[in-house]
Amino acid sequence: MKHSPLLMAGVAALSLSLAAPAAAQQFRAADTHSDGYPTVEAVEYMGELLSSWTNGRMGIQMFPGRQLGEERDTIEQTIAGVIDINRVNLAPLNGIVPETAIPALPFIFRSTEHMRTVMDGEIGQEIMAAMEEHGLVGLAYYDSGARSFYNSVRPITSPADMEGMRIRVQNSDLFVATMEALGANATPMEFGQVYEALANGVIDGAENNWPSYESTRHFEVANHYTLNQHSLSPEVLVMSKSTWDGLSAADQALVLKAAALSVPHMRDLWDARVAASREVVEANGNEIISDVDKQPFIDAMAPVYERFAGTPELSDLVERIQAVGAE
Ligand code: GTR
């Protein structure tokens with residue numbers, strides 16, 4: 001009996017799929033931070049979970065320390081599907097997904113607890129949903145502590161001290177506008193270039209949380225650190241939508257579950273790292289200005305809110321965030 005070529009091809013494909021296990025999938029993941037940083041370790045942990053649940057069929061290959069480029073480039077590569085998973089701050093996404101600017105707004109969160117409650121809940125999910133039409137699928141939010149100012153010129157205790165200071169910011173119009181509202185000269189620059197720019201005086205200062213101030217050694221070239229805590233803009237873990245769409249529903253569920261389990265792990269690592277980084281900086285003899293009246297900084301932010309939360313939808317989002325109860 002003669003079988004049609006189509007049938008024979010079908011039989012061959014079937015026996016192949018029965019014989020061979022599904023191809024292993026090692027997601028390529030990027031992080032601007034180096035090995036050992038809490039975000040990097042959290043994503044590696046997520047990879048271990050995936051790998052153990054699937055006998056190695058799925059896993060994560062981590063490229064830390066800007067090996068795949070600065071944050072802005074890696075975001076483009078993630079949208080294009082060249083990078084599968086990316087851990088970035090919300091700030092460099094502000095120009096792509098306007099909703100991401102809202103949790104990055106200065107002083108929008110009252111505390112880390114408030115930020116966690118908002119981002120882990122319905123509002124955080126809505127912001128992730130807004131990423132999809134831009135080619136990204138949100139997997140989880142991570143902590144990023146509080147961003148504060150540091151500089152090599154003088155201690156900042158009020159916005160007046162910032163007049164004319166050249167302060168590096170992330171690639172985000174929101175952060176540029178925030179510095180301008182405080183009277184500083186905003187200098188957008190990639191994370192990897194900041195140390196040198198501080199060291200050779202191209203900029204006077206920058207702003208970041210304790211672990212970044214320490215891990216980048218910026219504390220060695222910018223001595224005054226003011227704990228004004230203007231932004232609690234969280235980190236986000238995203239997957240390329242094209243990678244996501246290629247996964248079965250069951251595998252998508254595993255990816256989400258592993259990402260969710262990496263969050264409490266990340267937060268434990270984060271809290272420990274904040275304390276350790278603070279110790280390193282204090283031991284170096286840096287000037288830490290912790291007694292700051294935040295009100296004048298908050299008052300200066302009115303035009304920033306007007307510009308970045310000006311539409312009815314976005315100002316509604318601000319009000320809903322403010323209404324969320326938490327410490
Ligand atoms: C860090 C954050 C990075 C990056 C960096 C920066 O706190 O974790 O993703 O956004 O700040 O200032 O560029």
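Worth saying up front: this structure is predicted, and the values here are computed from it rather than measured. Both backbone and side-chain heavy atoms feed into the values below; hydrogens, waters and symmetry mates do not. Numbering of ligands and ligand atoms starts at 1, following listing order.
- The nearest heavy-atom contact from the protein to atom 7 (O) of ligand 1 is N208 OD1, 2.7 Å.
- Here T39 has no heavy atoms under 4.0 Å from ligand 1, in either its backbone or its side chain.
- Note: no N/O pair closer than 3.5 Å links T32 and ligand 1 by distance alone.
- Near F191, meaning under 4.0 Å from one of its heavy atoms, ligand 1 places the atoms 5 (C), 6 (C), 12 (O), 13 (O).
- Linking ILVMFWY side-chain heavy atoms closer than 4.5 Å, directly or via other members, places L198 and V169 in two distinct hydrophobic clusters.
- In terms of protein heavy-atom proximity, atom 9 (O) of ligand 1 is closest to E71 OE2, 2.4 Å.
- Checked against the 6.0 Å centroid criterion, the rings of F191 and H33 qualify as a close aromatic pair.
- Here atom 13 (O) of ligand 1 lies nearest to R168 when heavy atoms of R87, R147, R168, H33 are compared.
- Each of the atoms 1 (C), 7 (O) of ligand 1 lies under 4.0 Å from some heavy atom of S212.
- Ring geometry for H218 against Y150 counts as tilted: the plane angle lies between 30° and 60°, on a 0 to 90° scale.
- With hydrogens left out, the protein atom closest to atom 8 (O) of ligand 1 is E235 OE2, 2.6 Å, a heavy atom.
- Residues W210 and Y225 approach most closely at N-OH, 3.4 Å, considering heavy atoms.
- The aromatic rings of Y45 and H265 sit parallel, their planes meeting at an angle under 30°, below the 60° perpendicular limit.
- Each of the atoms 9 (O), 10 (O) of ligand 1 lies under 4.0 Å from some heavy atom of N89.
- Checked by atom type and distance alone, the side chain of N286 never pairs as donor or acceptor with a backbone atom of E282 at under 3.5 Å.
- No cation-pi contact links R217 to Y195, judged by a cut-off of 6.0 Å to the six-membered ring centre and 45° from its axis.
- Atom 10 (O) of ligand 1 has Q170 OE1, 2.6 Å as its closest protein atom, hydrogens excluded (heavy atom only).
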